[in-house]
Amino acid sequence: MTVCKEEEQNQVEGTATQEYGDLLLSYLEQLGVEYVFGIPGGAIEPLYNALARSERRGGPRAITARHETGSAFMADGYWRNSGKLGVCCSTTGPGATNLLTGVASAYENNIPMLVITAQTALSSFGSGTLQESSCTGVNTVGLFNHCCRYSTLVSHPEQFERKLVKAIMTAFAEPMGPVHLSIPIDLMRTTSASATPSVDLPNLLRKPGLFDSDAVGRLYSELKKAKNPLFVIGDDASEAIGLILSLAVGINAQLVVTPHGKGLISPYHPLFRGVIGFSGHQSAQSLLTDPSIDSIFIIGAQFSEWASQGWEPQNQKQRIIDIEASESNLTKLPMAALHVRGRLETIFESLLKRFDKNGFNQPLKLITTDGITVDTTAEKLEELKQFALDDEDKYRSDAIPIKPQRLMRELPNVFPPNTHYLADAGASFSWATHYLHPHDRRIRGRRDAKGGLFRASLNFASMGWAIGSAIGTALARPDKPVVCITGDGSLLMSGQEITVAIEEQLPVVFVILNDSAYGMVKHGQRMTGGEAIAANLPPTNFAAFAESMGVEGHIIYSADDLLNLDCYAFFKKQGPTLLDVRIDKEEAAPFGMRIKTLTKDL
Ligand SMILES: Cc1ncc(C[n+]2csc(CCOP(=O)(O)OP(=O)(O)O)c2C)c(N)n1
């Protein structure tokens, strides 16, 4: 362990270096945050000095990304899988502007994130100093104002703690999202009176178990009388998913998920009927308008374009009951017959208690129509699938080059059942939503709050999100296998982040759908009759690219090439693996519904 001279001297004198950067990190430590993602440089150096001191005493440490947006994607993945605040930082000027896309993505996906950017020294404002980022230069507070719930300049030491606490509380308030502090270099290196937080933030952030008890009473009656209920589950339901599944089994409710909610429920769950919305399953979508369904319970779902495509909830309003912790979700379905607000975990606990007392009317027997008890072993799982896939023949095809549909079918067969999959913007997301069905054996019961096995960043849909986010996921969950599915275009945009997985010795597997094209754009142009322009990419050997970085790389041409690899071994070593999959370029991903939206007339 190396201790810098100044600190050695301080230790001799019994004084520890105590700057505002140290105070900031003490607050993060109080919240259990382990990492600050970013790239160093000039004006942010005082924070990095504090990070070095923090790392030496076992506090939060720096993870160095290769592009600042990658660091925001990593912070996003870290939050989604640890439930701890995502934190990223950059220097002034180009560091801050590079960070913007990742922060905007977090804003659109309600990810609580603390964004620290360095600011020009206060005394230099207006002087045209290098990378000036104040209101007289490229105004970074202004830039982040449009994609953060709070964006402010800390212009006096006495504001520091107040603004930091306000920022973190705002990040976790509804709707959650990124917050930005612009901290001048001179202020960050000012000695603070104390490096100990004066506010007990974990206590302040504790979410009360509040809910609207009258509405829950009405919800109970609706659940009790529903003969053929449907649960539509979104990703905000994750904190209560085990309880929700217990209730669904109790009242025999069919289950569909939004694209964001995919991964919360086993595709082989006997009540699961598929994904609605973008790239989902027609059989799931048609349940939304099926007249035999008497009530549609929408739970923790953001009804953005991705989920609602083609469905007009106003036509079903008397059947819709919306159960949400987030007001912003409620605003998407104002026409619902009943709105139930509150913490989902508390609501479902309360409902289950009532059912436990009064009994379920029609519990699902975990028995099939043939009288066979449901067997959830991997061999039997595929038999239980109760929703229809498009192009089943391609899902099972042995053709070379491998069909992307077949690739998605085989990934869960070669990777462990508890693998976390992240699918990138582009065709990856679309293929995975429709065809990737991890062998998740969870049927009901209390579950890990962050237990989803599939993630995508839909609303902002930035290419490269999955690459950074996979690294954040692996840091948050070192116990879980992580697989990132991405395109060659996204890899050429953000593939440099793989070197972070090397440095951090993270066994993430990157699966590249290599079609020498911006595939989604290419096929979108074809589907809409547009010009075939700007969508081709030069053929690239990504396995060789991986090897140039010292990463194990394999080229996959066929299903057999994949099945012959020992993919479990990839997770037993310290560092990433890359699979360069040469997919059939002519296959168009199932994103027809998106095309309908893009070509809609005014
Ligand atoms: C940062 C960013 N730039 C542009 C786009 C628009 N876009 C959406 S999908 C796509 C093509 C992605 O290509 P690739 O990563 O190769 O994936 P594929 O669709 O071929 O699987 C593009 C350019 C985007 N979503 N994000």
Side-chain angles (χ1 to χ4, degrees), residues 110 172-176 205-258 260-261 264-265 271 276 287-288 293-304 307-308 311-363 444-447 449:
N110 299 342
F172 283 108
E174 282 299 338
M176 294 191 291
L205 292 172
R206 192 158 300 131
K207 293 222 159 121
L210 300 176
F211 63 94
D212 174 349
S213 65
D214 285 352
V216 172
R218 289 174 61 199
L219 171 60
Y220 173 71
S221 312
E222 294 294 336
L223 287 161
K224 194 94 188 135
K225 72 173 192 235
K227 295 266 175 304
N228 189 13
L230 175 68
F231 283 8
V232 179
I233 294 174
D235 61 335
D236 287 354
S238 68
E239 70 162 41
I241 191 65
L243 303 168
I244 294 168
L245 293 183
S246 293
L247 182 61
V249 168
I251 65 164
N252 218 332
Q254 299 185 77
L255 303 164
V256 295
V257 291
T258 66
H260 279 108
L264 288 178
I265 301 179
L271 292 168
I276 61 164
L287 282 175
L288 295 172
I293 299 284
D294 45 20
S295 309
I296 303 176
F297 297 89
I298 295 177
I299 309 165
Q302 232 190 88
F303 258 80
S304 60
S308 63
W311 185 49
E312 298 191 350
Q314 56 276 18
N315 298 339
Q316 319 287 329
K317 58 186 176 192
Q318 65 289 358
R319 299 196 295 169
I320 298 176
I321 293 171
D322 192 15
I323 309 156
E324 301 292 347
S326 152
E327 287 290 318
S328 68
N329 285 358
L330 286 170
T331 63
K332 299 279 182 355
L333 293 166
M335 78 298 287
L338 174 62
H339 292 105
V340 184
R341 292 173 168 80
R343 187 167 170 203
L344 295 184
E345 202 176 344
T346 323
I347 291 175
F348 283 91
E349 262 166 8
S350 150
L351 290 168
L352 282 171
K353 268 190 206 139
R354 291 184 200 213
F355 276 107
D356 278 349
K357 207 158 118 208
N358 304 322
F360 287 112
N361 297 345
Q362 46 179 19
R444 63 178 161 180
R446 208 169 255 288
R447 296 237 309 254

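Index from 1, following the sequence. All values below were derived from every heavy atom in this structure, side-chain atoms included, with hydrogens, water molecules and symmetry-related copies excluded. Since the model is a prediction, treat every value here as computed from it, not as a measurement.
Here S246 contributes atom OG and L351 contributes atom CG; the two are 12.0 Å apart, rounded to the nearest 0.5 Å. We find the OG-NZ distance between S295 and K225 to be 7.0 Å, quoted to the nearest 0.5 Å. Atom CD1 of residue I251 and atom CZ of residue F231 lie 4.0 Å apart, to the nearest 0.5 angstrom. Distance check: E174 CD to D236 CG gives 7.5 Å after rounding to the nearest 0.5 Å. Distance check, rounded to the nearest 0.5 Å: CD1 of I296 to CG of L333 gives 10.0 Å. With values rounded to the nearest 0.5 angstrom, I276 atom CD1 is found 10.5 Å from I233 atom CD1.
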Run the numbers on L245 and L255 for side-chain contact (heavy atoms from CB on, under 4.5 Å), then give the verdict. CA-CA 9 Å; L245 293 183; L255 303 164; 3.8 Å; yes
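For the pair R319 (side chain) and I293 (backbone), a donor-acceptor distance under 3.5 Å is present.
The local environment of NZ in K207 is crowded, with over 12 non-hydrogen atoms from other residues, nucleotides or ligands closer than 6.0 Å.
A pairwise comparison of heavy atoms in R354 and G217 identifies NH1-CA, 3.5 Å as the closest pair. Nearest heavy atom pair, residue D235 against residue T258, reads N-OG1, 4.4 Å. Of all the heavy atoms in A248 and L271, the pair that sits closest is O-CD1, 3.6 Å. Closest non-hydrogen pair, S328 versus P175, comes out as OG-CB, 4.0 Å. Considering all non-hydrogen atoms of both residues, M335 and K332 come closest at CE-O, 4.3 Å. The shortest non-hydrogen separation linking R343 to A325 is CA-CB, 4.5 Å.
Looking only at side-chain heavy atoms (C-beta outward), L230 and L288 come within less than 4.5 Å of each other. Using a 4.5 Å heavy-atom cutoff, the side chains of L264 and I244 are not in contact. Contact check for E324 versus H339: no side-chain heavy atoms found under the 4.5 Å cut-off. In this structure the side chain of D322 never reaches within 4.5 angstrom of the side chain of F303, judged on heavy atoms. In this structure, E239 and E345 have side chains that are in contact, with non-hydrogen atoms separated by less than 4.5 Å. Between N228 and Q254 there is a side-chain heavy-atom pair separated by less than 4.5 Å. Inter-residue side-chain proximity for T346 and L210 is flagged as unmet; no heavy-atom pair is nearer than 4.5 Å. In this structure, L223 and I321 have side chains that are not in contact, with every pair of non-hydrogen atoms separated by 4.5 Å or more.
Using cut-offs of 30° and 60° for the angle between ring planes, the F355 and F360 rings count as parallel.
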